[in-house]
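Notes follow once the structure below has been shown.
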Amino acid sequence: MDRMDLLDDLAGRGLLHDTTDRQALAARLSSGPIALYIGFDPTADSLHAGHLVGQLFMRRFQLAGHRPFPLAGGATGMIGDPGGRSEERNLLDADTLAHNVSRIQAQLSRLVDFEPGPYQATLVNNADWTVSIPMLDFLRDVGKHFTVNQMIAKDSVRSRIDSEHGISYTEFSYMLLQAHDFLHLHQTYGVELQAGASDQWGNITAGVELIRRRTGATAYAATHPLMVRADGSKFGKSVGGAVWLDPARTSPYQFRQFFVQVGDDMVGTYVKMLSMRPLAELVELLERHEAAPEQRLAQRALADELTELVHGREAAETARAAAEVLFGGDPSRATAATLAAIAAEVPSVTLDGDIEGRRVHELLTAAGLAASNSEVGRLLAQGALRAGGRVLAADGLLRASDLLDGGYLVLRRGKRDYLVGKTSRAG
RNA sequence: GGGUCGAUGCCCGAGUGGCCAAAGGGAGUUGACUGUAAAUCAACCGGCAACGCCUACGGAGGUUCGAAUCCUUCUCGGCCCA
């Protein structure tokens, strides 16, 4: 993308919440490559869907010819950002933090390009330049440039001071650490722009201020809106909790499903904020979606694109195939890989021996898919049970031919519930 | 402390000796419809080796050919009087 178009493109996607002097920033961006950073605090050992906006924000800059510096907050994570919460954080111990940082670094390195070259991304960790600073130096070199008056004026601090829990001195100093990060990156790598979610505005501008006072240079700030759901609640939570980027916490299938199930009211917003496709294409996609919302074109396109970005092409394709089966498709033509993905999502049992002539009753009750043999009998009578694509007869007897590719038995109860039996042949 | 009413299936709530696995409603399940939405309609909705048997109407004991229903007692709860 042409550098001159970047801010307009971001604005068109609803990704610009606020910037320092927009004209100046636009002029700076068009004059040549800029280095920018976004910080991610390691409060868990994985980022989640809500972090995607920020990561992709950096990717957009990189594709426009700029150099991103994704930052893992090994230092700030020890303190905790006071914003967005009503009470004090629990501090993480050093081991947990180190573990979290290493995992998050791996995730940060997926969505931006680290290949050597002019736009190469650089992964940084603020613990590297923070842990060894003498306290007196910090107070003199950083603290001296801020008045408590302006610090307590920030919304995130204000709301905590007004709350019954108050705010500790530790969290109060978070802003200074983040400001110092910006200064450090500015001096070390020439980073001129810090981006982040809109709730980071105060912390980011603190850094802009510090750079100006210490070096006289102009630095820039840009924030994107926090992603929220239609009801205003936090984005990225599903029934099972947060939607993580780590496939061990949230499988590629579940990750994809989260986006497939986005409501029509929000899908337009999400598509524009998250898809890397050109805005014009997205406008056209959304028009087609609105003409036939039942096809979930926008949701599927977004889900497929993001799953592929985060988990890779192969995992995305398997997740898509698994969803097709789990939402009514015929499992008998599914590949072994798809069946394995399905087995990971639904209850499963190990099958010993031959299934020819075996009753499904015990399999279903043992797996909790039916409460009793009586219930299995009722389900059979209602034609609610299938093995592979075959509706089971009232006797509930299985056939050897019900085993699918790779030795999987796929039992379906009603529309939604599945049980996968794995024979010794299955992986 | 005295009196009185009550305790029923996941929830609410009928039932006051056999016709009671227990009305009705809600929830839930399945099917039809459908957009991986909602609504609507229908069936199901204790268990089992299943035209029968077992378990179950707060707990224990009793009366009776037969008890959710009657008696005794215990536990818990509502209300009234001290």
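The chains referred to below are lettered A, B, ... by the order of the sequence lines, with proteins before strands, and numbering in each begins at 1.
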Next on the checklist: Suppose you measure atom C1' in G15(B) against the same atom in G47(B); what distance do you get, rounded to whole Å?
Outcome noted: 24 Å
Checklist entry - If we take the P atom in both C5(B) and A49(B), what is their distance in whole Å? => result 46 Å
Item to check | Integer-rounded Å distance: A43(B) P and Gln382(A) CD | outcome: 11 Å
Checklist entry - In whole Å, what separates the C1' atom of C57(B) from that of A14(B)? => result 12 Å
Checklist entry - His361(A) has an atom NE2; how far is it from atom C1' of C48(B), in whole Å? => result 12 Å
Checklist entry - Which whole-number value in Å describes the distance from Arg359(A) CZ to A49(B) P? => result 7 Å
Item to check | Arg60(A) bridged to Asp9(A) by N-O distance under 4.0 Å | outcome: no
Checklist entry - When the P atoms of G52(B) and C19(B) are considered, how many whole Å apart are they? => result 14 Å
Item to check | Inter- and intrachain pairs under salt bridge (Lys or Arg N to Asp or Glu O under 4.0 Å), touching residues 373-395 of chain A, at least two apart | outcome: Glu375(A)-Arg413(A), Arg390(A)-Asp402(A)
Item to check | Anti versus syn assignment for C33(B), with syn defined as within 90° of 0 | outcome: anti
Checklist entry - Within the structure shown, what part of the strands sits under 4.0 Å from Ser374(A) by heavy-atom distance: base, sugar-phosphate, or nothing? => result base
Checklist entry - With rounding to whole Å, what would you report as the distance between G59(B) and C76(B) at their C1' atoms? => result 11 Å
Checklist entry - When the P atoms of C70(B) and G77(B) are considered, how many whole Å apart are they? => result 23 Å
Checklist entry - Got a donor-acceptor contact below 3.5 angstrom from the Thr20(A) side chain to the Ala221(A) backbone? => result yes
Next on the checklist: For the C1' atoms, the ones on A23(B) and on G13(B), what distance do you get once it is rounded to whole angstrom?
Outcome noted: 10 Å
Checklist entry - Between Arg378(A) and U30(B), is there a side-chain N or O to OP1/OP2 distance below 4.0 Å? => result no
Checklist entry - Taking protein heavy atoms under 4.0 Å as touching, what does nucleotides 32-41 of chain B look like 5' to 3' if B marks base contact, S marks sugar-phosphate-only contact and - marks none? => result -BBBBS----
Checklist entry - Roughly how far apart, to the nearest Å, are U16(B) and G1(B) at atom P? => result 34 Å
Checklist entry - Rounding to a whole Å, what distance do you find between Arg413(A):CZ and C45(B):P? => result 14 Å
Next on the checklist: Within the 3.5 Å criterion, strictly below it, is a donor on Asp330(A) or Ser332(A) matched to an acceptor on the partner's side chain?
Outcome noted: yes
